[in-house]
Amino acid sequence: EDGVVLDAQAMEQYEVVVFTSKGKHAGTDACVTLTLIGADGTESKAKQLKVKRKQSILRKQKNFERDSVEKFEIEAVPIPLLQRIRVETDGSDGWLLSKIEVLARSTGQLAVFPC
């Protein structure tokens, strides 16, 4: 009996750094997703930038607060010549971004997206 052999596509590790603006009400509590888009039109699946709550005795700290910088690690298909990103929220409130940086770990390719 003939079988079909499928090779799993190698995945790339990306470091995503999100800079939220200093403006009044710039932060968000919304669910945020990021899609990577290459020059050739290749797109990753939308990846949720998961809010990691840091518990402290005095207060809860959340991601995407005004004048904050957060780092996320995501895994996605390799995107040759990363050219664009798509950032989406669930629309529950506004959000004012300053910029997003995306680093492909295996190649060292850094892309900076001013917002």
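Because the structure is a prediction, the values reported are computed rather than measured.
In terms of heavy-atom proximity, Pro78 sits nearest to Pro80 at O-CD, 3.5 Å. Closest heavy-atom contact between Phe19 and Val69: CD2-CG2, 3.4 Å. Residues Glu70 and Thr20 approach most closely at OE1-OG1, 4.4 Å, considering heavy atoms. Taking every heavy atom of both residues into account, Ile85 and Ile37 meet most closely at C-CD1, 4.5 Å.
If you run side-chain contact (heavy atoms from CB on, under 4.5 Å) between Lys71 and each of Val17, Val18, Leu103, only Val17 comes through.
Val16 and Leu36 fall within the same hydrophobic cluster, where Ile, Leu, Val, Met, Phe, Trp and Tyr residues are linked whenever their side-chain heavy atoms come under 4.5 Å apart, directly or through other members.
Look at Arg105 and Glu12 and you find no salt bridge, because none of the NZ, NE, NH1 or NH2 atoms lies under 4.0 Å from a carboxylate O.
Taken to the nearest 0.5 Å, the OG atom of Ser98 stands 14.5 Å off from the CZ atom of Phe113. Rounding to the nearest 0.5 Å gives a distance of 6.0 Å between CD of Glu65 and CG of Asp29. Rounding to the nearest 0.5 Å gives a distance of 11.5 Å between OG1 of Thr89 and CG of Leu49.
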Discussion item. Before you tell me yes or no, could you show the steps for Leu34 and Ile74 under side-chain contact (heavy atoms from CB on, under 4.5 Å), namely the whole-Å CA-CA distance, both residues' side-chain angles and the distance that decides it to 0.1 Å?
Written reply: CA-CA 10 Å; Leu34 176 73; Ile74 64 171; 4.3 Å; yes

Fill in: Residue pair Tyr14, Ile79: steps toward the side-chain contact (heavy atoms from CB on, under 4.5 Å) verdict
CA-CA 10 Å; Tyr14 293 93; Ile79 303 291; 3.7 Å; yes

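Within the 4.5 Å cutoff, the side chain of Val87 has heavy atoms near those of the Val32 side chain.
Under the salt bridge (charged side-chain N to carboxylate O under 4.0 Å, His left out) criterion, the residue pairs touching residues 90-104 are Lys99-Glu101, with sequence neighbours excluded. Here side chain to side chain donor-acceptor pair (under 3.5 Å) pairs that include residues 75-84, with residues two or more places apart or in two chains, are Gln13-Glu75.
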